Amino acid sequence: MAMEIDMFVDAEDRRLFAGVRSLEIVISRLPSKPYLTPTEIALALDTKSDSVYRWIESGRFEYMDIGSGGGGKPRYRIERSSFLLFLRGRVKKI
């Protein structure tokens, strides 16, 4: 299935993260949309969703729970640029 590129999301990514090679790789693996799921982030980072859930629980980036609120499982949506800013802070250069 071809992924449709959101040109506004793509332009914002380029503006904020140009030249950060490791982020460019992650960005290329993310769906081009303003809000992401923990699973989409985990797949882009080639890690387990548990890591993303720990970041959510520790308040590392902006997110919302769009679940029913009736005590069921949370359904998180993570604000893309907030997540990428968090990730940029973790990039180490030699």
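Quick caveat, the model's predicted, so the values are computed rather than measured. Throughout, numbering of the chain's residues begins at 1 and tracks the sequence.
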### Query
Which residue, Ile41, Val52, Ile56, forms the side-chain contact (heavy atoms from CB on, under 4.5 Å) with Phe83?
Ile41
### Message
In terms of relative ring orientation, are Trp55 and Phe61 parallel, tilted or perpendicular, with 30° and 60° separating the classes?
### Response
perpendicular
### Message
Run the side-chain hydrogen bond (donor to acceptor under 3.5 Å, both in side chains) test against Arg77 and tell me which residues pass, sequence neighbours left out.
### Response
none
### Minimal non-hydrogen separation, Tyr76 against Pro38, with atom names
O-CD, 3.5 Å
### Task
Indicate yes or no: at least one non-hydrogen side-chain atom of Tyr35 is less than 4.5 angstrom from one of Tyr63.
no
#### Entry: side-chain contact (heavy atoms from CB on, under 4.5 Å) assessment of Val9 paired with Arg80
CA-CA 9 Å; Val9 170; Arg80 179 190 186 91; 3.3 Å; yes
### Query
Taking atom OG of Ser58 and atom CZ of Phe86, what is their separation to the nearest 0.5 Å?
7.0 Å
### Approximate separation, where rounding is to 0.5 Å, of Leu85 CG and Arg60 CZ
14.5 Å
### Query
Distance from Ser32 atom OG to Met7 atom CE, nearest 0.5 Å?
11.0 Å
### Message
What's the separation between atom CE in Met64 and atom CD1 in Ile78, rounded to the nearest 0.5 Å?
### Response
10.5 Å
### Query
Taking atom CG of Leu84 and atom CG of Leu36, what is their separation to the nearest 0.5 Å?
7.5 Å
Would you tabulate the side-chain donor-acceptor contacts of residues 18-27 under 3.5 Å, counting partners in other chains and residues two or more places apart, or write 'none'?
from, atom 1, to, atom 2, distance (Å)
Glu24, OE2, Gly19, N, 3.0

#### Entry: Side-chain donor/acceptor of Arg75 to backbone N/O of Gly67, under 3.5 Å
no
### Query
How would you list, by chain and number, every residue that makes a salt bridge (Lys or Arg N to Asp or Glu O under 4.0 Å) with Lys33, sequence neighbours excluded?
Glu40
